[in-house]
Amino acid sequence: MPELPEVETIRRALEPELVGRRLRHPWAFASPKFTPALLADDVRVVHVRRRAKYLLLGLHDDHELVVHLGMTGTVHLGEAIDDGYVRARWALDDDRTLTFRDVRRFGRLRVVPTGDYRTIPTLATAGPEPFDPEFDGAHLYAAVKQSRRHVKTQLLAQRAVAGLGNIYADEALWLARVNPAVRTLTRRQADALAEAIVEALGDGVRNGGTTLRDYRTVDGETGRNQHHLHAYGRAGQTCDRCSTELQSRVLDARTTTWCPTCQRR
DNA sequence: GTGATAACCTGCTCGC
DNA sequence: TGCGAGCAGGTTATCA
């Protein structure tokens, strides 16, 4: 499930390869989620950016190709792939092929005027990037205070901070010793959680992302961060801090793992 | 406006 | 061995 570190890893690999290249002869799987790919035709790529979990390919005609990888989306650059899971494809002017592959079809593609994300609500309302100076404990405290939803659900909603998914939300909450089901934070908890979010996502980027099943880099390699997880997917195992058995429950339709001792309510 | 929930989608795992 | 049920989860739409 590509979150900020996985998308950023893909962005860093694509940027030097795609900027200046021309997208040609687009093909798209017959679904409204993917047919916008056809709008990016015979146009040069001018930048490769990321916002939250979205990949933004700037096009020379003042538009952006917005890519969301969904649950199982991957981007491949090189030889053409055709295995039944390809959802979009472009020929490049250097004879390579840019392929968007997505088994579960939770991903989506859009072409919008550069910077105009009104048709993509989550992107339009996304909170600050975790590595921006404006994101800190004070911001997180104020953002969480505006809602009565569980704190983990607020992290996943992308408004308090952009880029977190289920894996890194569990990890950040574990690092900050915050129970996922609380609905309010003290200022001290907010400071700790903001710091933990930056640490969890930073580690994820440095480790090239987390591969549990589907995620691959542009080169087809797996990430390494799955070897460094403390909470996500470790229910029934012992806490790395206190050796208590980690617990798991479904919280707002998301499997959530936490330490009942370190992350006491 | 906010919160809760269903739907989308397919491979994998588990139980029978 | 084969089948069916349940699960995984990011985003959007819908309803209360």
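The model shown is predicted, which means the values in this text are computed figures rather than measured ones. Per chain, numbering begins at 1; letters A, B, ... match sequence-line order.
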Of the listed nucleotides ([options]), which one gets closest to any side-chain atom of [X]?
{"X": "A:P121", "options": "C:dG9, B:dC8, C:dT12", "answer": "C:dT12"}
{"X": "A:K53", "options": "C:dG9, B:dG11, C:dT11", "answer": "C:dT11"}
{"X": "A:R104", "options": "C:dT12, C:dG9, B:dC8", "answer": "C:dG9"}

Applying ring-ring contact (aromatic ring centres under 6.0 Å, His included), can you list everything that pairs with A:Y54, at least two apart in sequence or on another chain?
A:H68

Who are the ring-ring contact (aromatic ring centres under 6.0 Å, His included) partners of A:H230, not counting sequence neighbours?
A:W174

What is the separation between atom [atom1] on [X] and atom [atom2] on [N], rounded to the nearest whole Å?
{"X": "A:F106", "N": "B:dC9", "atom1": "CZ", "atom2": "P", "result": "8 Å"}
{"X": "A:L123", "N": "C:dG10", "atom1": "CG", "atom2": "C1'", "result": "14 Å"}
{"X": "A:D102", "N": "C:dG10", "atom1": "CG", "atom2": "C1'", "result": "11 Å"}
{"X": "A:L164", "N": "C:dG9", "atom1": "CG", "atom2": "C1'", "result": "15 Å"}
{"X": "A:D252", "N": "B:dT2", "atom1": "CG", "atom2": "C1'", "result": "13 Å"}
{"X": "A:R183", "N": "B:dG3", "atom1": "CZ", "atom2": "P", "result": "9 Å"}
{"X": "A:E3", "N": "C:dT11", "atom1": "CD", "atom2": "C1'", "result": "14 Å"}
{"X": "A:K145", "N": "B:dT2", "atom1": "NZ", "atom2": "P", "result": "16 Å"}

Is the shortest distance from a Lys or Arg side-chain nitrogen in A:D102 or A:R108 to a carboxylate oxygen in the other one below 4.0 Å?
no

Relative to A:F100, does A:R87 satisfy both conditions: NZ or CZ under 6.0 angstrom from the six-membered ring centre, and within 45 degrees of the ring's axis?
no

Per nearest nucleotide of DNA chain C, the residue lying toward the 5' end, A:T119 or A:T255, is A:T255

Do any side-chain nitrogens or oxygens of [X] fall under 4.0 Å of OP1 or OP2 in [N]?
{"X": "A:Y168", "N": "C:dG9", "answer": "no"}
{"X": "A:Y54", "N": "C:dG10", "answer": "no"}
{"X": "A:H68", "N": "C:dG10", "answer": "no"}

Salt bridge (charged side-chain N to carboxylate O under 4.0 Å, His left out) against A:E199, all qualifying residues, sequence neighbours excluded
none

State which residues pass salt bridge (charged side-chain N to carboxylate O under 4.0 Å, His left out) with A:R206; sequence neighbours excluded, sorted by chain then number.
A:D203

Of residues 146-162 of chain A, the positions that come close to DNA chain B - non-hydrogen atoms, cut-off under 4.0 Å:
A:S147, A:R148, A:R149

Pairs of donor and acceptor atoms involving the side chains of residues 143-150 of chain A, under 3.5 Å and at least two apart or interchain, shall be tabulated with distances.
unit_1, atom_1, unit_2, atom_2, d
A:S147, OG, A:R149, N, 3.0
A:H150, ND1, A:D252, OD2, 2.8
A:H150, NE2, A:R183, NH2, 3.0

